[in-house]
Amino acid sequence: MTSRLPQAKGGFNFDNHVRNTLMEGKGLGIPKATKTGTTIVGLIYKDGLVLGADTRATAGPIVADKNCEKIHYLAPNMYCCGAGTAADTEMTTALISSQLELHRLSTGRQARVVTAMTMLKQMLFKYQGQIGAALILGGVDINGPHLYTIYPHGSTDKLPYVTMGSGSLAAMSVFESRYVANMEREDAIALVQDAIEAGIFNDLGSGSNVDVVVINSEKVEVLRNYARPNERGVKEASYKYAQGTTRVLKSSIRDFVDIKETVHVTTTEEMDIS
Amino acid sequence: MDHFPTNWGNPRSEEVDSYNTYPVASHIGNVPHSVRQIAGYGHTNGHPTSHTQSPVVTGTSVLGLKYKGGVMMAADNLASYGSLARFRDIERLHKVTDFTVLGASGDMSDFQYVKHLLDSQMIKEYNADDGHTLATHNIYEYLWRVMYNRRSKMNPLWNTFVLGGVNKGESFLGAIDLKGTPYQSASIATGFGSHLAQPILRKELEQRGGENNITEEQAVEILKKSMKVLWYRDARSMNKFQLAKITSEGVTISESMSVETEWGFAENIRGYGA
């Protein structure tokens, strides 16, 4: 008798799996998602933490967005960098941001970073890695600065310096060479910038500009396009053709017609509103 | 190799003999032996002829850097057997002539074979006794042709070689991979090194304005920094490596050395989340 009651179902419905595999075998696969093919980093310094990201979004070998934003707002004291499938990182962070705000209103307190981390990891685990979001979560709360990495399958790490994305090895090589505990703000930002630039120049999935977010107990600074090492060069001359290069044989000019609408009341009957 | 312990100890299947040691019935009918040989099928194990598709005993990254006065190379002393750190005193930097060093990553048995080939070439050179010795770029050309030839026969030598040397005051540094792709540059890194060390090497060259602004001491420092990052982040590396220095004076392959490492970076962190 209990089988008649609606059972709570979580996660995805895998009923179509067999059919999908069959179709893929015949060449009718699912469209490729836009991936961020990214370099994202996070670093704890003396007064708080610094998050960094590149700004290139790729769809296979094509650059889909030359200047996208990979550092997402979660709460006034927390930001999250996202690597992996762009839609997944965007929607997951937006969802948890919304949940956090409701939580904040309910508790009347500043949200803690572990709360966001737990919400994210429980959701990602529930979807068994099908949501391709690899995140670097950083924030400052009542217990100080916290930096976490969250993987698509739901595992987390808590570390003083982290990198994720296709350019993570290039960025990590910079961190491993120069990271020390309790850095000053300027040094921390410079190190984050160098790490992201290593990703931008040595990884094909990363490129364009460097975004930085600095979070400490007092304020948050969102430094969008902190560095722009790939600005397009200025054209040296004007390559426009002079008027008259192509001979004009005939001109025909028609003005756009102004259409005026006037309403003529034809009856004095009142509107029937019964 | 079957990685699943539950499959070990089961009786051998009579249809498939993957080691080709026992005549089992082939699915091909009565075909004369001569035809089988030429056609390349009908072997006792029922599979067509195939060659090495994956390496067995392997060496990880080899690094190379040009500096003012010569070329420096680095490689650790480890030959891994999958995830086992099996041979911990292997010299992956090999002196070919008085002015050329060959570094090898990838399959160690193929490296030993190539060392044998080069020995034969050097003996031929010695016998010719014409006053000429093979310069680095000559050995490079020879090695490139060998690699490309094997790749074209679908039976590659599973290595990425790094060749460094000096000839008449000119420095030479290049790499050749298992497909026969030659690549020359002021900085070379194979395997994991291409992701972790190459960004560091390139940044150093860029910052100092080229190889002629790097002294010997600086080159040692840069390579040691790179080997340290590799020890941290390459799971198939070892903290025991050699440096090879080639100048117009000759070749010096150093004794094995290690780098200082710091493992207390997360002392104050507990757990991985809440």
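Throughout, a chain's letter reflects where its sequence line sits, starting with A, and its residues are numbered from 1.
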For R88(B), is the CZ atom crowded, meaning more than 12 foreign heavy atoms sit under 6.0 Å from it? no
When you look at CZ of F125(A), are more than 12 heavy atoms from neighbouring residues, nucleotides or ligands closer to it than 6.0 Å? no
Any residue meeting ring-ring contact (aromatic ring centres under 6.0 Å, His included) with F265(B), in chain and number order, not counting sequence neighbours: Y161(A)
For the OG atom of S177(A) and the OH atom of Y232(B), what is their distance to the nearest 0.5 Å? 9.5 Å
Give the interface residues of residues 96-110 of chain A toward chain B, defined by a heavy-atom separation under 4.5 Å. none
Residues of residues 188-201 of chain B under 4.5 Å from chain A (heavy atom pairs)? F192(B), H195(B), L196(B), P199(B), I200(B)
Looking at Y148(B), I'd like to know if its OH atom is crowded, meaning that more than 12 non-hydrogen atoms belonging to other residues, nucleotides or ligands lie closer than 6.0 Å. no
Check step by step if side chain to side chain contact (heavy atoms under 4.5 Å, CB included) holds for R233(B) and L169(A). CA-CA 8 Å; R233(B) 294 286 167 174; L169(A) 278 80; over 6 Å; no
Just so I understand: if I count every heavy-atom pair under 4.5 Å between each of P160(A), A198(A), G167(A), A181(A) and chain B, which residue has the most? P160(A)
Look up atom CD1 in I269(B) and atom CD1 in I44(A), then write down how far apart they are to the nearest 0.5 Å. 6.0 Å
Applying a criterion of heavy atom separation less than 4.5 Å, what residues of residues 203-229 of chain B form contacts with chain A? K203(B), K225(B), V229(B)
Measuring from atom OH of Y272(B) to atom OG1 of T156(A), what distance do you get when rounded to the nearest 0.5 angstrom? 6.5 Å
Any chance CG of L204(A) has more than 12 other-residue heavy atoms, nucleotides or ligands included, within less than 6.0 Å? no
Surrounding CE of M91(A) (heavy atoms of other residues, nucleotides or ligands, distance under 6.0 Å), is the total greater than 12? no
